[in-house]
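These numbers were taken from a predicted model, which means no experiment stands behind them. Naming convention: chains lettered A, B, ... in sequence-line order (proteins, then strands); numbering from 1 in each chain. Scope of the values below: all heavy atoms of this structure, side chains included, with no hydrogens, waters or symmetry mates.
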Amino acid sequence: MATTTYSTENAAGNLTARALREGFYAGLVAFGLFFLFVGLETTQNIRNELVLNQRWGLLAIFVAVAAVGRFLGVLYLQPWIASRKAARAAVVDKAAPEGFFVRNFSKIAIVALVLMPPVVVSLVGVQGSLKWVDNFGIQILIYVMLAWGLNIVVGLAGLLDLGYVAFYAVGAYSYALLSQHFGFSFWVLLPLAGILAAFWGMILGFPVLRLKGDYLAIVTLAFGEIIRLVLINWTEVTRGTFGISSIPKASVFGIWSFDVGAANNFAKVFGLPMSSAYYKIFLFYVILALALLTAYVTIRLRRMPIGRAWEALREDEIACRSLGINTVTTKLTAFATGAMFGGFAGSFFAVRQGFVSPESFVFLESAIILAIVVLGGMGSLVGIAVAATVMVGGTELLREMTFLKAIFGPDFTPELYRMLIFGLAMVIVMVWKPRGFVGSREPTAFLHERKAVSGSFTKEGHG
Amino acid sequence: MSALETNAMNQDPILKVEHLSMRFGGLMAINDLSFEARRGDITALIGPNGAGKTTVFNCVTGFYKPTMGMISMTQQSGKKFLLERMPDFEITRDAKVARTFQNIRMFSGLTVLENLLVAQHNMLMRASGYTILGLLGFAGYRRAKEQSIEIAKHWLEKANLLERADDPAGDLPYGAQRRLEIARAMCTGPEFLCLDEPAAGLNPRESLALNELLRSIRNETGTSILLIEHDMSVVMEISDHVIVLEYGQKISDGTPDEVKNDPRVIAAYLGVEDEEVEEVIEEIQEIQESDGEQGGKH
Ligand SMILES: Nc1ncnc2c1ncn2[C@@H]1O[C@H](COP(=O)(O)OP(=O)(O)O)[C@@H](O)[C@H]1O
Ligand SMILES: [Mg+2]
């Protein structure tokens with residue numbers, strides 16, 4: 001913070017004294033800051049009277065954290081950082097050969113994901129696995145898939161889309177409505193939902209893609225809101241804010257069903273005890289397959305002329321036109337492809353929840369998906385998957401932190417701090433790694449050797 | 001020299017600009033300009049800063065829609081295109097006119113090789129059945145892909161960039177980026193190549209390498225070149241035909257020698273007032289006479 005004069009104070013005793021002094025000051029500042037904020041609280045009692053609560057214990061915790069933190073920081077953390085900096089300067093970019101784990105990260109991750117449900121079931125039992133497979137596994141994978149889909153638009157083509165959730169909504173409502181009205185199964189409607197979303201992507205794209213940068217962002221944001229408002233107000237079809245409930249479940253390709261009454265119920269056929277966990281495990285594999293499909297198509301498309309044109313578009317649109325590339329159709333294909341994966345994810349969302357309502361498709365969802373793409377490193381599939389796991393998994397973990405109630409009192413609900421922590425994490429990551437977790441870019445073709453392109457050369461796109 | 005032979009054979013114009021005008025608000029950036037570029041020639045477009053050279057380029061390549069006038073391009077096959085009616089990307093794709101920019105426009109986050117592959121987008125798109133056949137792994141696409149890499153390699157060699165093929169384009173020094181931009185334009189398979197100040201900012205050695213590249217493009221592919229250039233030594237050395245612009249109007253048109261001795265050109269370059277042009281003309285004639293007596297050549 002304030003004092004950064006290392007050179008004169010080298011002796012260890014000196015350092016401890018300084019640490020003590022600064023710790024004391026930090027405690028003092030914290031006391032001054034938090035005295036009114038934390039130490040005193042006003043609430044209304046049952047007779048509507050204003051009551052002043054005194055929370056000296058909590059205030060003491062705050063002050064102690066600040067003082068001890070500053071003390072330890074000065075005494076240990078700062079010298080450690082300084083020595084690390086010196087060590088790193090000495091090594092000078094001698095990148096160590098990547099370890100086995102880093103090189104094969106994606107393969108290991110896929111195998112781990114495939115094995116996860118059986119392992120979890122064997123550890124915590126069928127009923128206990130619900131939380132891990134559903135709240136963590138499926139939830140994270142949905143966001144991974146959405147972020148990978150948006151990555152095509154934002155990360156590759158460089159088109160800032162703030163209304164991606166609209167396509168998610170189109171996919172979800174396509175499945176919800178068509179399955180209820182026409183009784184089509186999930187496996188028929190999944191591709192159809194993707195196609196419908198892609199179609200809407202084109203419809204939106206046509207007028208919008210003449211715009212650039214901020215203007216494009218604002219119009220896509222508006223489009224997302226329009227779709228949501230249509231869903232709310234077109235009550236004859238969508239039932240407005242009530243949403244559509246009792247959406248049919250998916251089946252294992254029509255062979256085994258998960259409906260409780262059905263003759264070919266999965267648990268019945270295999271003589272297992274009835275549990276909704278089997279359905280969730282099945283859905284886990286479905287979303288895993290869908291997400292991997294998204295990744296596979298993205299990887300393949302990047303090496304095709306169209307994918308290269310997307311990235312070229314991100315780098316310089318005018319140069320693209322000077323090379324004879326029709327930028328309008330190129331942008332449209334990016335938009336439609338991204339929207340299609342959003343539609344797939346949407347229909348999966350509907351089948352998983354069994355209920356859709358416009359509330360699930362608010363702007364905040366678009367913002368979270370975009371944040372994941374940016375945090376992960378635009379264009380990098382691995383980075384985005386890591387970002388989704390950290391961000392979505394982290395916020396899910398908050399629900400688990402009931403022990404915090406012991407510290408902050410029984411009415412403390414950690415979930416409420418979700419967005420606060422999310423925002424804080426974004427600021428930290430962006431300061432620490434401005435290009436996201438994986439800032440470099442894999443070239444799509446090479447002559448002599450494949451060298452990753454440093455993030456300092458790639459552009460973010462401006463339209 | 002093969003260039004001379006092609007010149008002799010093809011004296012038909014590849015590009016014909018007629019009564020071209022371009023107005024920006026109250027400014028007439030180009031005023032009733034007409035000129036021709038002959039097939040197989042290197043035609044230079046010169047003139048002081050702000051004369052409207054880049055604007056002419058932007059009109060020819062479709063980045064600006066001219067206020068008035070006609071720009072027609074005739075391909076080797078005899079096919080004719082009215083460029084002022086076509087959108088920019090079709091001018092490159094169908095009429096086969098490629099261009100570079102005064103301020104280099106690289107795909108700096110793509111590698112050098114990828115830059116050249118992007119330039120072959122249309123060919124590769126067709127070969128990949130607009131992505132669908134390519135995704136399914138058809139052999140036709142694989143062949144086209146290998147061919148596109150061969151083409152890229154050819155131009156990398158010409159531009160002397162082969163060793164840097166896998167580096168990010170943004171990592172190249174300025175002169176190499178200029179050459180890469182030209183190589184990239186050539187990868188679109190143009191019949192007519194427009195270069196906007198390719199030698200600007202180059203050191204003498206890079207400038208020489210550039211001349212070499214331009215000559216080999218003209219001689220080996222028969223591509224006609226329209227060149228904006230400030231460096232008179234480059235213009236005089238490699239161009240077959242020079243057009244001089246000032247304030248959006250053509251003030252001279254001819255071989256390098258003719259233009260060099262045109263008093264209006266000299267006046268324009270020296271920045272002389274209109275009334276003084278007469279004096280300058282006399283002075284120049286005197287100089288030329290004394291030159292002639294010495295038998296010296298420029
Ligand atoms: N897009 C534009 N909008 C307004 N004025 C322009 C535009 N492009 C060029 N001009 C003006 O046209 C004139 C010619 O510019 P330019 O063609 O760039 O000259 P140069 O011969 O140096 O390449 C200049 O006065 C310039 O300011
Ligand atoms: Mg210019």
Novice: Atom CD of A:E442 and atom OG1 of B:T111: how far apart are they, to the nearest 0.5 Å?
Specialist: 11.5 Å
Novice: Of all the heavy-atom pairs spanning A:A319 and B:F107, show the shortest one and how long it is.
Specialist: CB-CE2, 3.7 Å
Novice: Has B:T188 got a side-chain atom pairing as donor or acceptor with A:L323's backbone, closer than 3.5 angstrom?
Specialist: no
Novice: Which residues pass the ring pair (Phe, Tyr, Trp, His ring centres under 6.0 Å) test with A:Y168, not counting sequence neighbours?
Specialist: A:F349, A:F361
Novice: Can you tell me which portion of B:M123 sits under 4.5 Å from chain A's heavy atoms? Options are side chain, backbone, both or neither.
Specialist: neither
Novice: Relative to chain A, which segment of B:L162 carries a heavy atom at a distance below 4.5 Å: side chain, backbone, both, or neither?
Specialist: both
Novice: Show the nearest heavy-atom pair for residues A:R441 and B:G109, with the distance to one decimal.
Specialist: NH1-O, 3.1 Å
Novice: Taking atom CG of B:L113 and atom OG1 of A:T444, what is their separation to the nearest 0.5 Å?
Specialist: 8.0 Å
Novice: Between A:N326, A:T330, A:T333, which shows the greatest number of heavy-atom pairs under 4.5 Å with chain B?
Specialist: A:N326
Novice: Any donor and acceptor pair, going by atom type alone, linking the side chain of B:N122 with main-chain N or O of A:G324 inside 3.5 Å?
Specialist: yes
Novice: On a heavy-atom basis, which atom in A:S322 and which in B:T92 lie closest, and how many Å separate them?
Specialist: O-OG1, 3.0 Å
Novice: Only pairs of heavy atoms separated by less than 4.5 Å count here; which of A:A312, A:P443, A:A309 has the most with chain B?
Specialist: A:A312
Novice: Is any residue of residues 190-197 of chain B within less than 4.5 Å of chain A by heavy atoms, and which ones?
Specialist: none
Novice: Please classify the contact between B:D171 and chain A as side chain, backbone, both or neither, with a heavy-atom cut-off of under 4.5 Å.
Specialist: both
Novice: If you look only at pairs with a residue in residues 70-80 of chain B, which of them pass as a salt bridge (charged side-chain N to carboxylate O under 4.0 Å, His left out), with sequence neighbours excluded?
Specialist: none
Novice: A:I306 vs B:M125, test: side chain to side chain contact (heavy atoms under 4.5 Å, CB included). Steps then yes/no.
Specialist: CA-CA 7 Å; A:I306 187 70; B:M125 275 304 261; 3.9 Å; yes
Novice: Could you check whether atom CZ of B:F24 has more than 12 heavy atoms from other residues, nucleotides or ligands sitting under 6.0 Å from it?
Specialist: yes
Novice: Please state whether the side chain, the backbone, both or neither of B:L110 comes within less than 4.5 Å of a heavy atom of chain A.
Specialist: both
Novice: Does a sphere of radius 6.0 Å around CE in A:M202 hold more than 12 heavy atoms from other residues, nucleotides or ligands, not counting ones at 6.0 Å or beyond?
Specialist: no
Novice: Kindly write out the residues that satisfy ring pair (Phe, Tyr, Trp, His ring centres under 6.0 Å) with B:Y174, not counting sequence neighbours, or none if the list is empty.
Specialist: none
Novice: Do side-chain atoms of A:R308 reach the backbone of B:L117 as a donor and acceptor pair under 3.5 angstrom?
Specialist: no
Novice: Does the distance from a Lys or Arg side-chain N to an Asp or Glu carboxylate O, for A:R303 and B:E114, drop under 4.0 Å?
Specialist: no
Novice: Can you name the nearest heavy-atom pair linking B:F63 to A:I318, along with the distance?
Specialist: CE2-CG2, 3.4 Å
Novice: Begin from the C-alpha positions of A:E315 and B:S108 and carry the test side chain to side chain contact (heavy atoms under 4.5 Å, CB included) through to its verdict.
Specialist: CA-CA 7 Å; A:E315 298 287 319; B:S108 55; 3.6 Å; yes
